[in-house]
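Below is one structure; the comments refer to it alone.
Residue numbers start from 1 in every chain, and the chains themselves are labelled A, B, ... in the order their sequence lines are given, proteins ahead of strands. Quantities reported herein were computed from a predicted structural model and do not represent experimental measurements.
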2 protein chains.
Amino acid sequence: MSGVGADVFAAVSDPARRAILDLLRDNERVVSDLLRSFSFSQPALSKHLRILREAGLVEQRKDGRLRWYRLNAARLREVASWVGRYERFWTERLDQLGTLLDEME
Amino acid sequence: MSGVGADVFAAVSDPARRAILDLLRDNERVVSDLLRSFSFSQPALSKHLRILREAGLVEQRKDGRLRWYRLNAARLREVASWVGRYERFWTERLDQLGTLLDEME
DNA sequence: CCAATATATAACCAATTGGTTATATGTCAA
DNA sequence: TTGACATATAACCAATTGGTTATATATTGG
C-alpha cells in the first residue's frame with residue numbers, strides 16, 4: 001500500500017517517529033545516520049520508517065546501498081489544519097491578557 | 001493535582017477522540033448528548049473521555065447526575081507548537097519548489 | 001567471486017488499544 | 001423508598017503496536 005493513505009495522526013503519535021521527522025526537517029538522511037539518534041534496533045527503525053512512508057510523511061531515494069529519506073511535510077497539513085481550528089483558544093486568551101494589562105495602567 | 005501528563009499526541013491520534021474535542025469546541029456538553037454522535041456504546045465513550053481527561057484535554061463538572069465536559073484547549077498547544085515548526089514548508093511553498101525541481105530532472 | 005555493509009522483512013512476543021457486556025454508584029422523581 | 005436515569009468502572013477479548021532476533025536482498029570493494 002504505497003502513496004497516500006494511512007493515518008497521519010497515528011503516525012505522529014509515536015515520539016520516536018516525531019523525532020525522525022524532526023531529524024529530517026532540514027536535511028535528507030540515510031537510515032544508518034538516523035539510527036545513531038536512537039537506542040532501539042535497526043529493524044525497529046525500519047518499521048518506523050515504513051509507517052512514516054505509508055502515511056506519506058517521508059519519501060525514499062535509493063543511492064547504491066544507501067536509502068536517503070526526506071521529509072514530505074505536506075501531509076502534516078492535515079494535523080496543522082485540525083489543530084489550527086483550536087488556535088483561537090490561546091490567541092484569544094493572550095488578547096484578553098493584553099486588554100487586561102492595558103486596563104491596569 | 002490535575003493529572004497532567006499522559007500523552008496528548010496519543011490522545012488525539014484516535015478519530016473518535018478528535019471528534020469529541022470538535023464537539024466540545026464551542027459548547028460544554030453532557031455525556032449522553034455526546035453519545036448521540038457516535039455509534040459505539042456508552043462505556044466506550046466513557047473510556048475515551050477518561051483518556052482525554054487524563055491528557056488534560058477536557059475537564060468535568062458535576063451537576064446532579066449529569067457530567068458536563070468542557071474543552072481545555074491549552075494542552076493542544078503542544079501539538080500546535082510541534083506541527084508549527086513545519087509550517088514554513090507550506091507557507092513558503094518550498095514543497096512546490098521541491099516538486100518542480102523533481103519534475104525538471 | 002566473496003565478505004562486508006546497508007536496509008528491509010519475517011517471525012515472534014508482551015503490552016496496549018478500543019471495543020464489548022455486566023455491574024456499580026450516585027442522583028432524581030414519584 | 002423505589003425505580004429509572006446518567007455515568008463510570010470491571011472483566012474480558014481480539015486486533016494492533018512496538019520492540020526483539022534471525023534472515024533475506026542489494027550493493028560495493030578487494
For atom CZ of Phe9(B) and atom C1' of dT16(C), their distance in whole Å: 20 Å
Member of Ile51(A), Asn72(A), Ile20(A), Leu76(A) meeting the side chain to side chain contact (heavy atoms under 4.5 Å, CB included) criterion with Leu57(A): Leu76(A)
Is the base of dA8(D) touched by the side chain of Gln42(B) through a donor-acceptor pair closer than 3.5 angstrom? yes
Could you check which of dT21(D), dT7(C), dT20(C) has an atom nearest any side-chain atom of Pro43(B)? dT20(C)
Give a yes/no on whether any side-chain N or O of Gln60(B) is located under 4.0 angstrom from OP1 or OP2 of dT7(D). no
Round to the nearest Å and state the distance from Glu54(B) atom CD to dT16(C) atom C1'. 14 Å
Kindly say if Lys62(A) contacts the phosphate of dA6(C), meaning a side-chain N or O under 4.0 Å from OP1 or OP2. no
Looking at Glu59(B) and Arg53(B), does any basic side-chain N land under 4.0 Å from a carboxylate oxygen? no
Has Arg50(A) got a side-chain N or O lying under 4.0 Å from the OP1 or OP2 atom of dT9(C)? yes
Yes or no on ring-ring contact (aromatic ring centres under 6.0 Å, His included) for Tyr86(A) and Trp82(A), after CA distance, side-chain angles and deciding distance? CA-CA 8 Å; Tyr86(A) 293 85; Trp82(A) 178 78; 5.1 Å; yes
Round to the nearest Å and state the distance from Arg65(B) atom CZ to dT27(C) atom C1'. 6 Å
Give the rounded distance in Å between these two atoms: CD1 of Ile20(A) and C1' of dT7(C). 14 Å
With sugar-phosphate meaning primed atoms plus P, OP1 and OP2, does Ser32(B) contact a base, only sugar-phosphate, or nothing at under 4.0 Å between heavy atoms? sugar-phosphate
Looking at His48(A), does any N or O in its side chain come under 4.0 Å of the phosphate oxygens OP1/OP2 on dT17(D)? no
Checking all strands, does Lys47(A) fall into the base, sugar-phosphate, or nothing category for heavy-atom contacts under 4.0 angstrom? base
In whole Å, I'd like the distance from the CG atom of Leu34(A) to the C1' atom of dT7(C). 12 Å
Leu35(A) CG to dG19(D) P, in whole Å, measures 12 Å
Base, sugar-phosphate, or nothing: which does Ser41(B) touch, judged by heavy atoms less than 4.0 Å apart? base
Please determine whether a side-chain nitrogen of the Lys or Arg among Asp26(A) and Arg88(B) lies less than 4.0 Å from a carboxylate oxygen of the Asp or Glu. yes
Heavy-atom nearest nucleotide on DNA chain D for Asp33(B) versus Asp14(A): which residue maps closer to 5'? Asp33(B)
Round to the nearest Å and state the distance from Leu66(B) atom CG to dT27(C) atom P. 11 Å
Hey, is the side chain of Arg17(B) poking within less than 4.0 Å of OP1 or OP2 on dG18(C), counting only N and O atoms? yes
Parallel, tilted or perpendicular: rings of Phe38(A) and Phe40(A) (30°, 60°): parallel
Taking atom types as they are modelled, would you say the side chain of Arg67(A) forms a donor-acceptor pair with the base of dT7(C) within the 3.5 Å cutoff? no
So does Tyr69(A) get a side-chain nitrogen or oxygen closer than 4.0 Å to the phosphate oxygens (OP1/OP2) of dA6(C)? no
Between Phe40(B) (CZ) and dC13(D) (P), how many Å, whole number? 23 Å
If you find the nucleotide of DNA chain D closest to Ser39(A) and the one closest to Ala10(A), which residue's nucleotide is nearer the 5' end? Ala10(A)
Just to be sure I understand the rule, does Phe38(A) reach a base, reach only the sugar-phosphate, or reach nothing, if contact means heavy atoms closer than 4.0 Å? nothing
Please lay out, stage by stage, how Asn27(B) and Tyr69(B) fare under the test side chain to side chain donor-acceptor pair (under 3.5 Å). CA-CA 9 Å; Asn27(B) 308 304; Tyr69(B) 276 85; over 6 Å; no
